[in-house]
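Heads up: the structure comes next, in structure tokens.
Reminder, nothing fancy here: chain letters follow the sequence lines and each chain counts from 1. Quick note: numbers below take in every heavy atom, side chains included, and nothing from hydrogens, waters or symmetry partners.
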Amino acid sequence: MKIGVSFSALDPWAEIRLYQETNRDCAGKFGATASFVGTMREFNEGEGVTGMTLEHYPGMTDRQLEKIVANAAKQFPILDVLLIHRVGDLLPNDPIVLVAVWSAHRQAAFDACRMIMEELKSTAPFWKKEVLEKGTRWVEKNTTG
Amino acid sequence: MKIGVSFSALDPWAEIRLYQETNRDCAGKFGATASFVGTMREFNEGEGVTGMTLEHYPGMTDRQLEKIVANAAKQFPILDVLLIHRVGDLLPNDPIVLVAVWSAHRQAAFDACRMIMEELKSTAPFWKKEVLEKGTRWVEKNTTG
Amino acid sequence: MAIRVRFFASLRERMGYAEKSLPAEGLATVKDVLDRLDRDRILNAQVLYAVNMEYAQPDTPVKDGDEVAFFPPVTGGVR
Amino acid sequence: MAIRVRFFASLRERMGYAEKSLPAEGLATVKDVLDRLDRDRILNAQVLYAVNMEYAQPDTPVKDGDEVAFFPPVTGGVR
């Protein structure tokens, strides 16, 4: 299990590949890996966005992310999880978050991956400030969309 | 969009990474990438499995895979799809299938990725023959597990 | 021309051959093709049909030049 | 010792500072901490509370040495 924040650019697919190669405990036992990568778009709420700052609450972030993964592991038979969230200054197309879940079977991997993303959105202490053509704005809420 | 079968070993995360790097049409527009990788396990139905042969119906496979992706694109607002299924001889830990779906938003990416995996299981003409300690057996059905 | 019949996976092994060419005369549907072959052996387990690489039913029409396939339930992807 | 109060994101900007140390005397709950600060400014928009990095409520107890944080609804992940 690896959970944390990254202060520098994420290469999500390389991270997952490397993690799976170096963590062989569940090799041969997993049949399913569901993953999700969130990426910064160049528009939001109908406006062009040229940059974003991701602020977080150090310490509380790690604690909440670990809680979220523990909840998913309690509810679904999963074998391993990789979860990394960016903080700092981002540009459009930069990855924001990656989660990968290994499980023996498909359904548990999908369900746990989605649950982690949902809980993260509502409980992990991150805040986004977008840079627009004119000035900046705090993202006020995450819709369920 | 890239859809097909692979006759040689798959490196799924490298495939997704390369595909995203070389297909820039939806760069800046996608905020979500949901992916799934199916991997051969070293046990199935309570028995050790030492190898597997994946047979397919060439031609019909491509046609069905394209139909499955078209169905998902009809139902969900997705931007791009990468879908590759292995055929031939596999060993435990070898990737069997990879699907990645790019979309503006999370839910569509997750839903479409899962739908593609479900439909693939029931309509794409692939058959698995497992090598056990003693002899071989055809996998008779995919459960919904 | 003729109708090309193909078998896959466990059904191919059960039949002992992968394909066969049948003269098209008198063959109007998938069922007719089945009747011309070793029907009992084919239907000995659950079987799916395809005509020209699209899923088909016993009453799906066939004609000269078509490809008709018989195979067991598919098991791609992962559980 | 004392109670360490922290603000994040838009609330930090609204307050004009990121943290403050308050003497713990007379502070028994998160609500007491709020009352000791510029309460109206903090509650001007939706605010969440945390005590020692766990989500808290106005009646959550606080004591000398605790860290109390106030921040707007979180917006991590992606939509």
Point to revise | Side-chain heavy-atom pair A/Arg106, B/Lys121 within 4.5 angstrom cut-off | key: yes

Exercise for review: Select one option (side chain, backbone, both, neither) describing which atoms of B/Asp11 are under 4.5 Å from chain A's heavy atoms.
Suggested key: side chain

Review point. What distance separates B/Met40 CE from A/Phe30 CZ, expressed to the nearest 0.5 Å?
Key: 12.5 Å

Check your understanding: Which one of B/Pro95, B/Ala109, B/Pro92, B/Ala104 has the most heavy-atom pairs closer than 4.5 Å to chain A?
Key -> B/Ala104

Exercise for review: Look at B/Phe36, B/Phe43, B/Trp102 and state which one has the largest set of heavy-atom pairs under 4.5 Å with chain A.
Suggested key: B/Phe36

Practice item. Please determine, among A/Lys29, A/Arg41, A/Glu42, A/Glu15, the option with the most heavy-atom pairs under 4.5 Å with chain B. Key: A/Arg41

Practice item. List the steps, then state whether side chain to side chain contact (heavy atoms under 4.5 Å, CB included) holds for A/Gln20 with B/Asn93. Key: CA-CA 11 Å; A/Gln20 184 173 299; B/Asn93 258 314; 5.7 Å; no

Review point. Of the listed residues (B/Gly31, B/Ala14, B/Ala34), which shares the most heavy-atom pairs with chain A below a 4.5 Å separation?
Key: B/Gly31

Review point. To the nearest 0.5 Å, what is the distance between CD (A/Gln107) and CE (B/Met117)?
Key: 9.5 Å

Practice item. Nearest 0.5 Å please: distance from the CD atom of A/Glu21 over to the CH2 atom of B/Trp13. Key: 12.0 Å

Study note, to complete from the structure: If you tally heavy-atom pairs under 4.5 Å between each of A/Val49, A/Val97, A/Asp111, A/Asp94 and chain B, the highest tally belongs to A/Asp111

